[in-house]
Every structure is written in C-alpha cells, then in structure tokens.
Amino acid sequence: MAKAHTSLFGKHILLGISGGIAAYKSAELTRRLRDTGAEVRVVMTQAATQFVTPLTFQALSGHAVHSELLDANSEAGMGHIELARWADAVLIAPASANTIARLAQGRGDDLLSTLCLATTAAIAYAPSMNRVMWADTATQSNCATLTARGYTQLGPASGVQACGEIGEGRMLDGDDLVSALASIFRTGILQGQRVLITAGPTHEAIDPVRYLANRSSGRMGFALARAAHEAGAAVTLIAGPCALATPADVERIDVVTAAEMLAAVQQRTPACDIFIASAAVADYRPAEIIGQKIKKSAAEIQLTLVRNPDILATVATSSPRPFVVGFAAETEALVDNARDKLARKQLDLIAANDVSGTDIGFGSDYNALQVIWPNGEQSLPRARKATIARQLIGLIAHHYHKKQHEKNTA
Ligand code: PMT
C-alpha cells in the first residue's frame with residue numbers, strides 16, 4: 001500500500017462511472033483504490049455500460065455493480081439509500097459533460113444522480129470529454145455550480161484526446177485521482193494539535209471471572225481517533241476492552257477499569273490540547289473484588305457498588321486544562337440532560353446521543369448527535385460513525401480555534 005494514501009485505508013469509496021471512452025481507465029482506477037485498502041463499490045450509468053461491461057468492475061471491486069435506480073434485486077441487497085449512507089466519498093470518474101450537467105441540475109432520475117442527492121459524503125468528479133465540450137460555457141457554468149455546492153473537481157488534464165485532438169479534457173490518471181481523493185480526507189484542520197480520546201467500555205471486576213460492563217463497542221471513539229488523525233492531529237487513544245483494530249498512526253493505550261483509564265488520562269492530559277471523552281465509563285464498581293469465584297449456593301446475593309471517579313470532570317477542572325469535549329448518552333430529555341452535563345462538568349462542548357434504541361449509539365455502526373456548546377447547538381443527522389466523527393471533529397476544530405483566538409486577543 002502506498003504510504004501517501006493511508007488516509008484511504010478502510011474508506012468506503014463509491015466509484016461512479018459515466019459514459020465516456022475513459023471508462024476503460026476506471027478499471028485500473030478501481031485496482032489502485034483497492035490497493036490503498038479502500039473498499040470500492042461501483043455504480044455505472046446506462047451509457048457507461050456501453051463502453052465497459054459491469055462484469056469487469058464486479059471482478060475488480062469484488063462486489064456486484066449497481067446501475068438501475070428501480071431494480072428490485074439491487075434494492076433487496078443494498079438499496080440506493082443504504083449505498084448513499086455507506087459511502088465515505090463518491091468519486092465520479094469519468095464524469096461526462098452530460099453527467100456534470102445532470103448533477104448541476106440536481107436531477108434524480110438515474111441511480112448515480114440520485115445517490116449524489118442522497119449522500120452526505122464528500123463528492124469528487126473527474127471531467128472527461130472533448131476539449132471543445134470542456135471549454136463550452138454551459139459545461140464551465142455547470143462545474144462552477146457544482147463547486148459552489150461543495151463538489152471537488154479533479155482535473156481535467158491536457159493532452160492527446162481519444163478523438164485525436166489535443167487540449168484540455170482528459171481524465172486524470174488513476175494515481176493522480178487516488179492522491180487527490182486521499183487529500184480530501186486530510187483536512188489539516190487540527191494540524192500540530194495533540195488530541196487525547198477515551199473510547200469503549202470499562203470492565204469492573206466482581207470476582208476473578210465476572211465483571212460489570214456496558215454495550216459500548218468503542219466504534220465511536222475509534223472513528224474519532226481516525227478522523228482527528230486525518231485532520232492532522234497527533235492522536236492518543238485510551239481504549240477500554242474492545243476488539244477493534246488500532247487506526248493507523250494513532251498511539252493506543254489499553255486499559256480495563258475506570259481507575260486505570262483515569263490514571264492513563266491524567267498522565268497524558270498535560271501534553272494534550274483537546275480531550276474527547278467518548279468512553280462509556282462505568283459509573284460504579286463493586287466495593288470489593290471477591291478473591292475466589294462466587295459460588296451459586298445462596299438464593300440471593302447483594303453487591304455493594306461504590307462511585308467511580310468522573311474522568312471527564314477531573315480533566316475539565318484541572319489546571320491548565322485542554323479544550324474539553326464530553327459525550328452524553330441519554331434515553332430521555334436529550335438536550336436538557338446534555339446541557340445540564342455541559343454546565344455541571346464545565347465542558348467546552350458536548351455531543352449528545354439518544355441511546356434508547358439499537359439503530360444508533362451503543363454497538364451500532366451508526367450514530368446521530370446533537371452537538372451543544374454554551375451558546376449554540378447543531379444536529380448531526382444519522383450517518384455512519386465514520387461520517388459523524390469527521391463532522392464532529394470539524395465542529396470541535398472550529399470551536400477550539402475560536403477559543404484559542406479569543407484567548408490570544410483578550
Ligand atoms: O462505543 P460505541 O458502541 O461506538 O457507542 C458509542 C457511545 C454511545 C458509547 C458514545 O457515543 C457515547 O455516548 N459515549 C459516552 C457514554 C457515557 O458514558 O455517557 P454518560 O452520559 O454516562 O457520561 C457523560 C460523559 O462523562 C461521557 O463523556 C463519559 O465519557 C464521561 N464519564 C462518565 C463517567 C465517568 N465515571 N467518567 C467519565 O469520564
């Protein structure tokens with residue numbers, strides 16, 4: 001794997017292929033993307049299937065190719081909304097003049113254009129067409145519309161074209177497209193900052209074989225670590241027991257109990273700029289750990305629990321303190337309870353999630369957050385934790401830099 005493209009490792013890339021002779025180059029592009037460790041799913045327009053067969057892309061991506069908007073079989077597998085949510089980024093390559101025009105109009109009458117409307121992921125496109133078509137004011141104005149809407153334009157390159165003319169309009173090469181796509185994930189908004197994150201549950205021993213725990217998988221915290229690293233931060237992740245791979249270039253410290261998590265956090269707090277507490281720390285632990293396995297002789301037993309230290313509040317009241325971000329896992333009165341925690345624990349920002357169901361929050365790949373700060377709030381609607389994490393890191397970076405600026409100009 002090319003080191004320069006590690007920001008694509010594990011990413012879900014939806015490769016949209018529209019009708020143009022450069023569609024054959026997208027076969028190589030699919031391989032290049034997979035070489036980085038990205039997972040690739042391919043969507044082809046009807047016109048694209050005239051140039052290269054879906055079977056080629058099925059073999060190269062390892063997944064069935066999607067091309068129909070209203071196809072019962074596809075919808076029963078991964079429906080178009082699921083596909084839109086699955087993507088971390090959409091790359092349309094080649095993007096024909098017609099596809100660019102359709103996207104600029106916001107149409108939703110084929111699968112690719114519908115996905116672009118339905119996704120919250122970043123969308124990049126690589127124009128590919130004859131030089132005169134590229135220079136046409138209609139095409140230029142459509143590209144300007146897409147740029148204004150947040151699409152990233154990659155290329156085009158200049159050179160000899162399929163029609164024999166020489167000029168601007170060639171699709172960028174696979175390696176250039178992979179590099180450009182990777183840079184979308186490397187935002188640099190936390191460049192040079194040190195971020196400390198807690199993740200996962202804690203286990204509080206009852207006896208040598210039993211413990212108190214909760215349903216946290218660690219996915220939210222690990223996604224935040226990955227997003228903070230992509231944003232340029234040096235990241236330390238303090239993880240309770242969870243079976244997840246360590247994100248690339250992130251320092252990981254494994255702990256088991258709340259007491260161990262607190263000790264690890266306190267040791268590293270002086271060297272961090274931003275602290276994010278996404279761990280589901282056990283609020284209580286057994287008052288004593290029984291030395292031998294408890295026998296099941298008695299009909300009833302009592303377990304006395306004592307309060308664990310509050311790691312987040314400890315960091316928030318330390319001096320000097322980092323920028324402090326808490327989470328609030330609530331089953332009712334989400335915003336009121338989160339605002340109360342924000343004030344009581346003296347936080348800079350809190351991310352509240354509703355954990356009353358199973359489709360978001362604990363153990364799920366998805367989450368939805370209400371992000372609250374002293375004089376404002378913002379909703380991050382349901383999306384994959386990778387997407388939510390990137391959005392939350394964006395908000396944290398914004399408020400962190402704002403506070404730094406205020407400090408410096410006070
Ligand atoms: O791990 P996943 O399966 O991906 O699920 C993600 C999540 C639902 C666990 C995560 O999004 C989340 O909400 N984490 C916080 C869970 C929690 O313990 O919330 P709380 O409302 O009980 O605690 C409030 C805050 O205080 C949290 O930031 C928590 O980390 C912190 N805390 C709590 C108790 C304690 N003793 N020390 C703490 O630092």
Side-chain angles (χ1 to χ4, degrees), residues 6 9-12 37 39 88 195-206 208-230 233-269 272 274-286 289 308-312 314-315 325-331 351-369 382-390 392-393 396:
T6 50
F9 184 83
K11 292 289 183 306
H12 292 180
E39 201 179 320
D88 290 315
V195 176
L196 182 63
I197 300 173
T198 64
T202 63
H203 287 181
E204 311 295 335
I206 299 171
V209 296
R210 302 180 179 98
Y211 55 82
L212 292 177
N214 58 63
R215 292 194 294 111
S216 170
S217 62
R219 284 179 211 168
M220 191 67 240
F222 278 57
L224 284 165
R226 214 166 265 121
H229 170 65
E230 282 167 13
V235 182
T236 300
L237 178 63
I238 300 182
C242 41
L244 295 175
T246 309
D249 300 326
V250 164
E251 182 198 14
R252 173 177 179 170
I253 295 150
D254 287 310
V255 296
V256 177
T257 65
E260 287 173 15
M261 189 174 272
L262 174 66
V265 165
Q266 280 185 308
Q267 200 189 346
R268 282 152 188 90
T269 308
C272 92
I274 298 172
F275 174 64
I276 307 174
S278 73
V281 185
D283 290 316
Y284 293 90
R285 68 178 184 281
I289 303 172
N308 264 333
D310 191 313
I311 300 168
L312 179 60
T314 306
V315 174
V325 180
F327 267 72
E330 306 294 342
T331 55
N353 40 200
D354 180 346
V355 293
S356 56
T358 52
D359 65 330
I360 57 167
F362 281 95
S364 168
D365 268 337
Y366 290 83
N367 211 354
L369 296 175
R382 185 180 189 275
R384 287 180 60 245
K385 281 180 177 166
T387 306
I388 289 274
R390 253 177 247 126
L392 181 56
I393 288 294
I396 292 172

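Heavy-atom basis, side chains included; hydrogens, waters and symmetry copies ignored. These numbers were taken from a predicted model, which means no experiment stands behind them.
Ile393 approaches Ala227 most closely through the heavy-atom pair CG1-CB, 3.7 Å. Here the closest heavy-atom approach between residue Ala199 and residue Ala279 is recorded as N-CB, 3.7 Å. The two atoms that bring Ala213 and His203 nearest to each other are CB-CD2, 3.5 Å, heavy atoms only. Between Gly361 and Asn367, the shortest heavy-atom contact is N-OD1, 3.4 Å. Between Ala383 and Ile388, the closest heavy-atom pair is O-CG1, 3.7 Å. Closest non-hydrogen pair, Ala282 versus Thr202, comes out as N-OG1, 3.0 Å.
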Donor-acceptor pairs under 3.5 angstrom involving side-chain atoms of residues 258-267: please list them, not counting sequence neighbours.
from, atom 1, to, atom 2, distance (Å)
Glu260, OE1, Val256, N, 2.8

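In this structure, Cys272 and Thr236 have side chains that are not in contact, with every pair of non-hydrogen atoms separated by 4.5 Å or more. At least one side-chain heavy atom of Glu204 sits under 4.5 Å from a side-chain heavy atom of Asn308.
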Worked check of side-chain contact (heavy atoms from CB on, under 4.5 Å) between Phe222 and Ile197: CA-CA 9 Å; Phe222 278 57; Ile197 300 173; over 6 Å; no

Derivation of the side-chain contact (heavy atoms from CB on, under 4.5 Å) call for Thr198 and Val281: CA-CA 9 Å; Thr198 64; Val281 185; 5.5 Å; no

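Distance check, rounded to the nearest 0.5 Å: CZ of Arg268 to CD1 of Ile238 gives 5.5 Å. To the nearest 0.5 Å, the span separating CZ on Phe9 from CG on Asp249 amounts to 11.5 Å. Once rounded to the nearest 0.5 Å, the distance linking OG1 of Thr269 with CG of Leu196 reads 6.0 Å. In this structure, CG on Asp354 lies 7.5 Å from OG1 on Thr331, to the nearest 0.5 angstrom. Annotation: the span from Ile276 atom CD1 to Ile396 atom CD1 amounts to 3.5 Å, rounded to 0.5 Å. Residue Lys11 holds its NZ atom at 3.5 Å from CD of Glu230, rounded to the nearest 0.5 Å.
Side chain of Asn353 to main chain of Ala328: a donor-acceptor pair is present (N/O by atom type, distance under 3.5 Å, no hydrogens or angles).
Within the structure, side chain to side chain donor-acceptor pair (under 3.5 Å) contacts touching residues 212-227 (residues at least two apart or in different chains) are Arg219-Asp365.
Every side chain to side chain donor-acceptor pair (under 3.5 Å) that Glu330 has, sequence neighbours left out, goes to Asn337, Lys341.
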